[in-house]
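Below: the structure, in structure tokens.
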Amino acid sequence: MTRSSKGQFQKGASGNPRGRPRSSLSTTVRDRIAGHLDELVDVLLERARQGDVAAARTLLERVAPALKAEELPVRVDVPDGADLASTGRAVLASAVAGSLAPGPATALLAGLGTLARVIEVDEVVRRLAKLEERLDASIKP
């Protein structure tokens, strides 16, 4: 392996050209555990039955992972043909009225902000294209 004067590997040269060995420690440990899995589960079950909270937690985490919050669809009354500012006001009004939770309201407002930036960039690109057309037309004889 060649290194630079700073001790770094040259671009495109791996510091470990042969890669990680196939029989890594984690693979070895997993194989050993797999060979005794039934016994280990039996031990954890017995300890959980005897009141070992850590054993019970370990079993439950593997069998029944933690529940994730479920997001339900929400409806916000937005006037027909509303612009971004009016839509944002409608989202805030729904949040203030309590018909929209703060989390979804924040997400909707962030989405409106992103949409505003996309529209702004689209408008700049459109205007730039028109200016380039005018410039090209004025240069041509």
Side-chain angles (χ1 to χ4, degrees), residues 1-140:
M1 235 54 57
T2 57
R3 294 183 183 237
S4 69
S5 60
K6 295 180 181 178
Q8 298 172 327
F9 288 107
Q10 296 296 328
K11 188 173 183 177
S14 170
N16 188 9
R18 286 180 268 151
R20 190 181 78 195
R22 291 189 187 270
S23 61
S24 67
L25 179 61
S26 63
T27 304
T28 304
V29 171
R30 284 189 182 129
D31 290 344
R32 289 186 65 197
I33 290 171
H36 301 283
L37 198 54
D38 288 340
E39 298 164 37
L40 291 170
V41 170
D42 289 342
V43 168
L44 281 173
L45 278 170
E46 185 56 36
R47 288 186 181 172
R49 285 186 191 116
Q50 293 172 358
D52 185 337
V53 176
R57 181 181 300 128
T58 300
L59 287 169
L60 287 173
E61 286 173 351
R62 300 300 179 251
V63 175
L67 296 176
K68 294 182 182 177
E70 181 182 354
E71 291 190 26
L72 300 174
V74 294
R75 181 163 176 79
V76 177
D77 292 324
V78 177
D80 290 337
D83 59 4
L84 287 175
S86 297
T87 303
R89 285 186 197 99
V91 169
L92 285 175
S94 294
V96 169
S99 61
L100 182 60
T106 301
L108 286 171
L109 290 172
L112 287 173
T114 300
L115 178 60
R117 287 188 294 278
V118 168
I119 291 170
E120 183 179 5
V121 168
D122 191 46
E123 177 68 17
V124 167
V125 168
R126 189 182 62 73
R127 292 173 68 185
L128 182 61
K130 279 188 178 181
L131 286 172
E132 287 175 340
E133 285 175 15
R134 286 183 191 168
L135 182 62
D136 287 345
S138 68
I139 293 176
K140 293 181 183 177

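Counting begins at 1 with the first residue of the sequence. Values below: all heavy atoms of this structure, side chains included; hydrogens, waters and symmetry mates excluded.
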Legend entry - Gap between atom CZ of Arg32 and atom CG of Leu37 - 0.5 Å precision: 14.0 Å
Legend entry - Short N-O contact, Arg117 and Glu120, less than 4.0 angstrom: no
Inset, instruction - Show your reasoning for whether salt bridge (Lys or Arg N to Asp or Glu O under 4.0 Å) applies to Glu46 and Arg49. - result: CA-CA 5 Å; Glu46 185 56 36; Arg49 285 186 191 116; 3.7 Å; yes
Legend entry - Inter-residue atom distance Asp52.CG - Arg57.CZ, 0.5 Å rounding: 9.5 Å
Inset, instruction - Could you please spell out the steps behind the side-chain hydrogen bond (donor to acceptor under 3.5 Å, both in side chains) verdict for Thr28 and Asp31? - result: CA-CA 5 Å; Thr28 304; Asp31 290 344; 5.9 Å; no
Side-chain donor-acceptor contacts of residues 91-98 below 3.5 Å, not counting sequence neighbours, with atom names and distances?
unit_1: Ser94; atom_1: OG; unit_2: Ala90; atom_2: O; d: 3.1

Inset, instruction - Could you grab the distance from atom CG of Leu108 to atom CG of Leu100, nearest 0.5 Å is fine? - result: 6.0 Å
Legend entry - Over 12 foreign heavy atoms within 6.0 Å of CZ, Arg127: no
Legend entry - Ion pair Lys130/Glu133, N-O distance below 4.0 Å: no
Inset, instruction - For Glu123, look at atom CD and say whether over 12 heavy atoms of other residues, nucleotides or ligands are found less than 6.0 Å away. - result: yes
Legend entry - Approximate separation, where rounding is to 0.5 Å, of Thr87 OG1 and Leu109 CG: 10.0 Å
Legend entry - Straight-line distance of Asp83 CG to Ile119 CD1, nearest 0.5 Å: 10.0 Å
